[in-house]
Protein chains: 2
Amino acid sequence: MIEARHLRVLRAVATTGSFSAAGRELGCTQPAVSQQMKALEASVGTPLLVRNGREMRLTQAGEALVRHASGILAGLTAAEEEVAAIAGLRAGRVRLVSFPSGTSTLVPAALAALRAAHPGTRVSLEEAEPPKSAELLREGECDLTLAFRYEGAAVAEDWDDLVVRPLLTDRLVALVPERHRLARAESLAIGELAEEPWIAGCPRCRGQLVEVCEGAGFVPRIDFATDDYPAVVGLVGAGLGVAVLPQLAVESVRPRGVRMVRLEPAVRREIVALTLPDLAQVPAVAATLEQLARAAGRG
Amino acid sequence: MIEARHLRVLRAVATTGSFSAAGRELGCTQPAVSQQMKALEASVGTPLLVRNGREMRLTQAGEALVRHASGILAGLTAAEEEVAAIAGLRAGRVRLVSFPSGTSTLVPAALAALRAAHPGTRVSLEEAEPPKSAELLREGECDLTLAFRYEGAAVAEDWDDLVVRPLLTDRLVALVPERHRLARAESLAIGELAEEPWIAGCPRCRGQLVEVCEGAGFVPRIDFATDDYPAVVGLVGAGLGVAVLPQLAVESVRPRGVRMVRLEPAVRREIVALTLPDLAQVPAVAATLEQLARAAGRG
DNA sequence: TTCGAGCATAAGGCTTTCTTGGGGATGGTG
DNA sequence: CACCATCCCCAAGAAAGCCTTATGCTCGAA
């Protein structure tokens, strides 16, 4: 079985014309070259070199091998170069999945920084809500995902097999119309909104809302539900009800005719980046993760 | 530095999807595969495989490497195949150099046998007289050469650095016109022809002739000289003189109007095949040499 | 829960490969 | 003509690499 190392040596011998010179070129001693060539000749079963007097010539078999060697070694070099580019962040692609409010806040900042630091890397972005995102990760459909979990949620997602990197802690805020009686409050308990009509967000947030309200002893009357955060804010601004949203989600929307009031006691959600243990070792993934942490102020 | 062995293992892992299966395919154990992959990942500096649960997936770097691997391994296989063909006498070329009377006798028989035994091999044939032929060998211009030397010649060629394979012993015969007074002799001493006009052959043979005559105490009167053996025979047949030729040279010519008479004491020349020590190990050269020996009756 | 399959790791033995040191041959040079 | 530099081969010892066996752990299915 011919080895690449043998071809390298053979080529060096063929170009330099001597074992000693080849050894110097390859950074090893002349006997090493001599033994390599002997081993190669033994493995192919025919002489490759003819030594006559001082000069060294290739046999026909040697010429054939040298002829092939250039292509093989070029392919090897190209492979090494491509992998080195990926390892060295001069190339490489990260498939990132995020949830909407993360996409509009953390992600843009992180990707801008990533591009500035490593212009060769590419990031593809998909959106998915947490229960789905970890699944995509496990199925190999993405490399890195932003997810969140509410503190003390009834059913916590199982991330034991993943690398969990906390990015920041978000908290829920109440959104009330500007003229609402609680619009000027410093903070409020969610129970104070028990009788209000509600505007709910995404399905998961909606479940979380109901769970929190349950803890406060009431069932919210949900008049509207939409995935669209600006729409939620707009509906509240129009006086159609109140809402509870993650602060991060509100930040990406220009509030108009609404007031944000802190909830007390606070309901927090932890925003994390998830990846597979092996993928965390991939330079491009690690770099993206790092920029996400930095964008979240936890670099 | 990526090694071909690594690529083979990686490819097996990629196609089978597991280390164990790759090990079975490659005929080694699972830890061997595991260690190889670890070494490869270390050498390229980035993970190539992502293990998640039971399944094994390639990273982008791994995909790149597998993509290159097919071409590289195909090149290696092609190289091995070509060299194996040369080693196995299914291909290969021998550059043979011979002197004229060898070309017309030994060589055709040997090459016919070689072709029958190994149809893939090719022999290129050039003609050169002995002093030149060994030189061509040493200069790498040919692989195998037929040469001869006269027994007890004044200046023997130095073949110490060559492989000398004796093929057969030729002897000089006298050529006289059919009506010559010695035409019916069983044998003759060269001195008996001292007063005859001479027809000489090639320059080297001419030198040899003069040397032999000198030993017999006379200087031949050379009326004609030509490289062309049939011409020599023709001139003798026309009664223009006598000649001394190697028996082998005469055999290839239809004698017409001449008689061959054995010389006594015999003047012998040894016909040998010459090659370089390393070239004697080349299968195609060895096979050709063998057929030459066989054609000469010394197989 | 148990079982089978698969991967990782460690230790031991074997093979390979390198370096060093010495010997022989070649070809140019004083 | 002898000397010297260069280059190759060979042998021995040390170092590194590789493979195997044995063992433990995880995962997924019955």
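Since we're looking at a predicted model, the values are computed, not measured. Lettering follows sequence order; numbering is per chain, from 1.
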Nearest whole Å is fine: how far is C:dT26 P from A:F19 CZ?
17 Å
Atom CE of B:M1 to atom P of C:dT17: distance rounded to whole Å?
17 Å
Is any side-chain N or O of B:S34 closer than 4.0 Å to OP1 or OP2 of C:dC7?
no
Please confirm whether the backbone N or O of A:A128 pairs with a side-chain atom of A:S133, one donor and one acceptor, at under 3.5 Å?
no
Over how many whole Å does the gap from B:Q30 atom CD to C:dT9 atom C1' extend?
10 Å
Would you mind telling me which residue lines up with the more 5' stretch of DNA chain C, B:K38 or B:R24, judged by nearest nucleotide?
B:R24
Which nucleotide span of DNA chain D, 5' end to 3' end, has atoms closer than 4.0 Å to non-hydrogen atoms of chain A?
D:dT6 to D:dC10
Ionic contact status for A:E55 with A:R57, cut-off 4.0 Å
yes
Whole-Å distance, A:R51 CZ to C:dT26 C1', equals 15 Å
Please report the distance, rounded to the nearest Å, between CG in A:N52 and C1' in C:dT26.
11 Å
Would you mind telling me which residue lines up with the more 5' stretch of DNA chain C, B:S18 or B:D161, judged by nearest nucleotide?
B:S18
Can any side-chain N or O of A:E41 pair as donor or acceptor with the backbone N or O of A:L48 at less than 3.5 Å?
yes
Under a 4.0 Å threshold between the charged nitrogen and the carboxylate oxygen, would B:R51 count as salt-bridged to A:D278?
yes
Rounded distance [0.5 Å steps], CH2 in B:W159 versus CZ in B:R138
9.5 Å
Base of C:dT19, side chain of A:Q35 - is there a donor-acceptor contact under 3.5 Å?
yes
Under a 4.0 Å N-O cut-off, is there an ion pair linking A:E81 with A:R90?
yes
Should A:Q36 be listed as having a side-chain N or O under 4.0 Å from OP1 or OP2 of C:dC18?
yes
